[in-house]
Undergrad: 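First, the structure itself, so that you have it in front of you.
Numbers here are sequence positions counted from 1.
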Amino acid sequence: NPGTRVMRSKSITFRLALFFSTVSTAVLLVVGTLIGTLVEAHFEEQDLTELSGKLELVRHTLAKVRTPSDMAVVSQRLSDALVGHHGLSVAMVGSDRKLLFKSSGAVFPAALLESRPPEDSSRRARPVVWEQDGQAYRGVVAAAATGIAGQPPATVVVALNIEHHRMFMEAFQKSLWLAITACIVLTALLGWIAARRGLAPVRELARLTHGIS
């Protein structure tokens, strides 16, 4: 029956196009997720590198303190060192939980300032992300020892405003998934065209066979 052969040919074309589209969609989704994850990881690593650098600056400044009276000039030294670093905030809390220094405009959750970091300075501080007043921040908490013998280390909190990173990632993710959606539609169309062209000889053979008595 010629009608049955045509329907069978169309069914094969549809199944081939569907298989091609499904595989292509799966690959594109994996690639899109991987790209988004890698870009986000790049920003996080970039932020942690800057935070680690400023943390070492604070530690270096505190290490020069030899007497309690030297602590009076630490705040001024840190303020001078942070000039021009927009979006960067630093706070320092003493072992008695008294706030020793906080940069101008710094925004820190109270729980973060009250936390006690590990005293092992060789360990990389784990990043903390939070939101406050509609802004996103990424920060680290670490211990910083002074040069005063017998004095417990202070707690240092260094944070970056990452709102511009978040806005970029939102726009990037939107553009990325729009592009992936367009690619999925295009691959489905190309798969259908490729399947039809590939099965053209089969349809021609079926037509010739039907004409043989």
Undergrad: Working to the nearest 0.5 Å, report the span between CD of Gln135 and CZ of Arg166.
TA: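 Reported to 0.5 Å precision, the distance equals 7.5 Å.
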Undergrad: Would you sort out whether Val128 and Trp130 count as a side-chain contact (heavy atoms from CB on, under 4.5 Å), showing the intermediate values?
TA: CA-CA 7 Å; Val128 180; Trp130 71 91; 4.1 Å; yes
Undergrad: Below 6.0 angstrom between ring centroids: does that apply to Phe108 and Tyr137?
TA: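 That pair fails the under 6.0 Å test.
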Undergrad: Same cluster for Phe43 and Val129 if Ile/Leu/Val/Met/Phe/Trp/Tyr side chains link at under 4.5 Å?
TA: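 Different clusters: Phe43 never reaches Val129 through Ile, Leu, Val, Met, Phe, Trp or Tyr contacts under 4.5 Å.
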Undergrad: Working note: Leu51 + Leu88, criterion side-chain contact (heavy atoms from CB on, under 4.5 Å); need CA distance, chi angles, decisive distance, verdict.
TA: CA-CA 9 Å; Leu51 289 171; Leu88 181 70; 4.3 Å; yes
Undergrad: The test is salt bridge (Lys or Arg N to Asp or Glu O under 4.0 Å); show your working for Glu40 and Arg138 and say whether it passes.
TA: CA-CA 13 Å; Glu40 181 65 35; Arg138 178 178 282 121; 3.8 Å; yes
Undergrad: Distance from His60 atom NE2 to Leu62 atom CG, nearest 0.5 Å?
TA: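 Answer for the NE2-CG pair, His60 versus Leu62, is 10.5 Å.
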Undergrad: Applying the 4.5 Å side-chain criterion to the ILVMFWY set and letting contacts propagate, would Ile184 and Leu189 be lumped into a single cluster?
TA: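 In one cluster with Ile184: Leu189, no.
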Undergrad: Whether the side chain of Asn161 engages the backbone of Glu163 through a donor-acceptor N/O pair (distance < 3.5 Å, no angle test) should be reported.
TA: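 Between the backbone of Glu163 and the side chain of Asn161 there is a qualifying donor-acceptor contact (under 3.5 Å).
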Undergrad: Could you state the interatomic distance from CD (Gln46) to CD1 (Ile162), rounded to the nearest 0.5 Å?
TA: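 Answer rounded to 0.5 Å: 11.5 Å.
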Undergrad: With a 4.5 Å limit on heavy-atom distance, are the side chains of Val39 and Phe168 in contact?
TA: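 Yes, side chains in contact.
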Undergrad: How close do Leu99 and Met92 get, counting heavy atoms only, and between which atoms?
TA: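 Closest approach of Leu99 to Met92: CD1-O, 3.5 Å.
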Undergrad: Could you see if Leu29 belongs to whatever hydrophobic cluster contains Ile35? Use Ile, Leu, Val, Met, Phe, Trp, Tyr and a side-chain cutoff under 4.5 Å.
TA: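 Result: yes, single cluster for both.
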Undergrad: Got Trp192 and Phe20 here, is their nearest side-chain heavy-atom distance under 4.5 Å?
TA: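 Side chain of Trp192 against side chain of Phe20, heavy atoms only: no contact under 4.5 Å found.
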Undergrad: Where the side chain of Thr187 meets the backbone of Ser21, is there a donor-acceptor pair that is under 3.5 Å apart?
TA: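 Flag not set: sc Thr187 to bb Ser21 has no pair under 3.5 Å.
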